[in-house]
Number of protein chains: 2
Amino acid sequence: MSGQARTERRPTRQRAAIAEALADATEFRSAQEIHADLASAGDRVGLATVYRNLQAMATDGEVDVIRTADGESVYRACATEDHHHHVVCRGCGLAVEVTADAVERWAETVAASHGFTQVRHTVEVDGLCRRCSSGSS
Amino acid sequence: MSGQARTERRPTRQRAAIAEALADATEFRSAQEIHADLASAGDRVGLATVYRNLQAMATDGEVDVIRTADGESVYRACATEDHHHHVVCRGCGLAVEVTADAVERWAETVAASHGFTQVRHTVEVDGLCRRCSSGSS
DNA sequence: CGCTTCATGACAATCATTCTCAAATGAAAT
DNA sequence: ATTTCATTTGAGAATGATTGTCATGAAGCG
Ligand SMILES: [Zn+2]
Ligand SMILES: [Zn+2]
Ligand SMILES: [Zn+2]
Ligand SMILES: [Zn+2]
């Protein structure tokens with residue numbers, strides 16, 4: 001039931017660099033941030049290239065992508081290839097991967113009960129992690 | 001536990017017009033669309049004003065807002081004031097309101113189990129409605 | 001090595017959303 | 001009704017992430 005549609009893509013230095021930058025990062029990063037990371041590491045990669053690769057990788061399921069509150073797309077190479085969701089800290093960006101079979105089934109069921117097919121879903125949970133909870137007013 | 005923070009806001013012709021346009025609409029509409037709707041109805045309202053009011057209304061829980069696949073914010077005056085989610089048709093925009101206590105609890109629980117507080121969540125389900133499913137390959 | 005095809009990069013173009021700030025308006029006080 | 005003052009509006013500029021363009025560079029291949 002897990003779907004990766006690994007498109008036929010040609011390996012390049014840039015792609016490898018992006019993948020590595022993504023592997024090093026522990027939190028979700030935006031295309032712009034990845035681009036900056038590479039730049040500051042002396043790796044010169046075009047911004048458009050970063051966008052294109054990140055999107056392709058996301059499409060192929062190699063990386064996860066979520067939308068921040070202000071609409072920015074952020075990517076991350078997750079620990080597991082299996083379908084999962086995240087609990088993200090609004091304060092520091094810490095992201096925990098979680099699975100939710102119950103939610104998966106619910107989405108499918110509720111949609112089907114209303115006659116919908118080809119169902120997809122988006123589930124994101126955010127809050128303040130333990131550390132960030134301490135410094136609240 | 002349901003939160004509306006009805007801000008002290010001053011009633012204006014524009015606000016009323018926007019609220020009405022929203023009430024008439026059956027699907028989710030973007031700020032731009034609402035603005036166009038008003039314009040074509042002879043109601044002249046500044047685009048910035050539409051954005052401002054829509055956001056304020058969303059903040060106060062008067063209307064629902066979701067993000068489309070391409071990052072556009074779309075609003076709708078829903079049937080119920082209670083917390084709920086949607087199953088939206090990718091083909092025609094038809095939106096069904098659904099509740100999911102199980103999901104609500106799951107989000108809260110899984111976040112808490114990882115030490116998160118002030119938890120919020122986003123749950124959107126989309127697919128093809130019965131009608132739109134017919135014309136697929 | 002030549003050839004074909006895909007990827008890259010610099011930069012222009014999009015486009016939803018936000019910002020600016022002077023003018024208009026609501027509400028309350030006089 | 002008129003003054004007063006904070007809020008809201010509107011027209012247009014500004015922002016900023018993402019996408020498009022297209023000439024150049026690199027991969028794959030015989
Ligand atoms: Zn945190
Ligand atoms: Zn899921
Ligand atoms: Zn439909
Ligand atoms: Zn919910």
Side-chain angles (χ1 to χ4, degrees), chain A residues 5-22 25 27-60 62-76 93, chain B residues 5-22 25 27-60 62-76 93 122 124:
Chain A
R6 54 196 68 246
T7 313
E8 178 73 30
R9 281 182 294 137
R10 192 179 286 176
T12 66
R13 173 184 70 75
Q14 292 83 342
R15 167 176 304 270
I18 294 172
E20 188 175 353
L22 221 31
E27 272 90 31
F28 279 90
R29 316 228 67 185
S30 69
Q32 308 261 4
E33 289 174 327
I34 293 289
H35 176 256
D37 292 346
L38 291 172
S40 72
D43 236 319
R44 191 158 292 293
V45 179
L47 180 57
T49 300
V50 176
Y51 271 102
R52 281 187 294 243
N53 279 318
L54 246 21
Q55 283 171 339
M57 294 165 92
T59 299
D60 290 1
E62 289 173 35
V63 301
D64 278 6
V65 53
I66 60 179
R67 292 299 197 101
T68 63
D70 50 297
E72 205 177 12
S73 290
V74 287
Y75 307 78
R76 177 167 106 154
Chain B
R6 53 194 69 247
T7 314
E8 179 72 31
R9 280 183 294 135
R10 189 181 288 176
T12 66
R13 171 184 72 73
Q14 293 85 339
R15 168 177 302 270
I18 294 172
E20 188 174 355
L22 221 32
E27 276 94 26
F28 278 90
R29 317 229 65 188
S30 70
Q32 307 261 8
E33 290 174 327
I34 292 289
H35 177 257
D37 292 346
L38 291 172
S40 71
D43 237 319
R44 191 159 291 294
V45 179
L47 180 57
T49 301
V50 175
Y51 271 101
R52 280 188 294 242
N53 280 325
L54 247 21
Q55 282 172 338
M57 295 165 91
T59 299
D60 290 2
E62 290 173 34
V63 302
D64 278 4
V65 52
I66 59 179
R67 291 300 198 91
T68 63
D70 50 298
E72 204 178 11
S73 289
V74 288
Y75 306 80
R76 177 166 107 153
T122 298
E124 294 298 339

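Sequence lines set the chain letters: A, B, ... in the order given, protein chains first and strands last, and positions in each chain run from 1. The figures that follow rest on heavy atoms only: side chains count, while hydrogens, waters and symmetry mates do not.
Of the possible donor and acceptor atoms, one in the side chain of B:R67 sits under 3.5 Å from a partner among the backbone N and O of A:A69.
In this structure, the CZ atom of A:R44 is 17 Å from the P atom of D:dG25, given to the nearest Å. Separating the CD atom of A:E8 from the P atom of C:dA7 is a distance of 9 Å, rounded to the nearest angstrom. Look at CZ on A:R13: it is 10 Å from P on D:dA27, rounded to the nearest Å. Distance, B:D43 CG to D:dG10 P: 10 Å, rounded to whole Å. Rounded to whole Å, atom C1' of C:dT18 lies 15 Å from atom CD of A:E72. The separation between B:L54 atom CG and C:dT18 atom C1' is 15 Å, rounded to whole Å. As rounded to whole Å, 15 Å separates atom P of D:dG16 from atom CD of A:E33. Taking atom CZ on A:F28 and atom C1' on D:dA17, their separation rounds to 19 Å, with Å as the unit.
When each of B:P11 and B:R67 is assigned the nucleotide of DNA chain C bearing its nearest heavy atom, the one mapping closer to the 5' terminus is B:R67. Between B:A48 and A:V45, the residue anchored closer to the 5' end of DNA chain C is A:V45, taking for each the nucleotide with the nearest heavy atom. Residue order along DNA chain D, read from the 5' end via each residue's closest nucleotide, puts B:V50 first among A:Q32 and B:V50.
Close to D:dT8, at under 4.0 Å from its OP1 or OP2, lies no side-chain N or O of B:N53. The phosphate of C:dA16 (OP1 or OP2) has no side-chain N or O of B:S73 nearer than 4.0 angstrom. When the side-chain nitrogen and oxygen atoms of A:T49 are compared with OP1 and OP2 of C:dG9, one or more of them lie within a distance under 4.0 Å. In this structure, A:T12 reaches the C:dT8 phosphate: one of its side-chain N or O atoms is under 4.0 Å from OP1 or OP2.
Annotation for A:R13 and A:R44: closest pair NH2-O, 3.2 Å, computed over non-hydrogen atoms. Across all non-hydrogen atoms, the minimal contact from B:V65 to B:S73 is CG2-CB, 4.1 Å.
Other residues, nucleotides and ligands contribute at most 12 non-hydrogen atoms within 6.0 Å of the CD atom of B:E20.
Among the atoms of the strands shown, base atoms are found under 4.0 Å from some heavy atom of A:R52. Within 4.0 Å (heavy atoms only), A:D70 reaches no atom of the nucleic acid at all. Across all strands, B:Q55 comes closer than 4.0 Å only to sugar-phosphate atoms, never to a base (heavy-atom distances).
In terms of polar N and O atoms assigned as donor or acceptor, the side chain of B:R10 never comes within less than 3.5 Å of the base of D:dT8 in a complementary pairing.
Here the nucleotide nearest the side chain of B:Q14, chosen from D:dG10, C:dG9, C:dT17, is D:dG10.
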- [ ] I would like to know whether B:Q55 and B:Y75 meet side chain to side chain contact (heavy atoms under 4.5 Å, CB included); could you show each step before the answer?
- [x] CA-CA 9 Å; B:Q55 282 172 338; B:Y75 306 80; 3.8 Å; yes
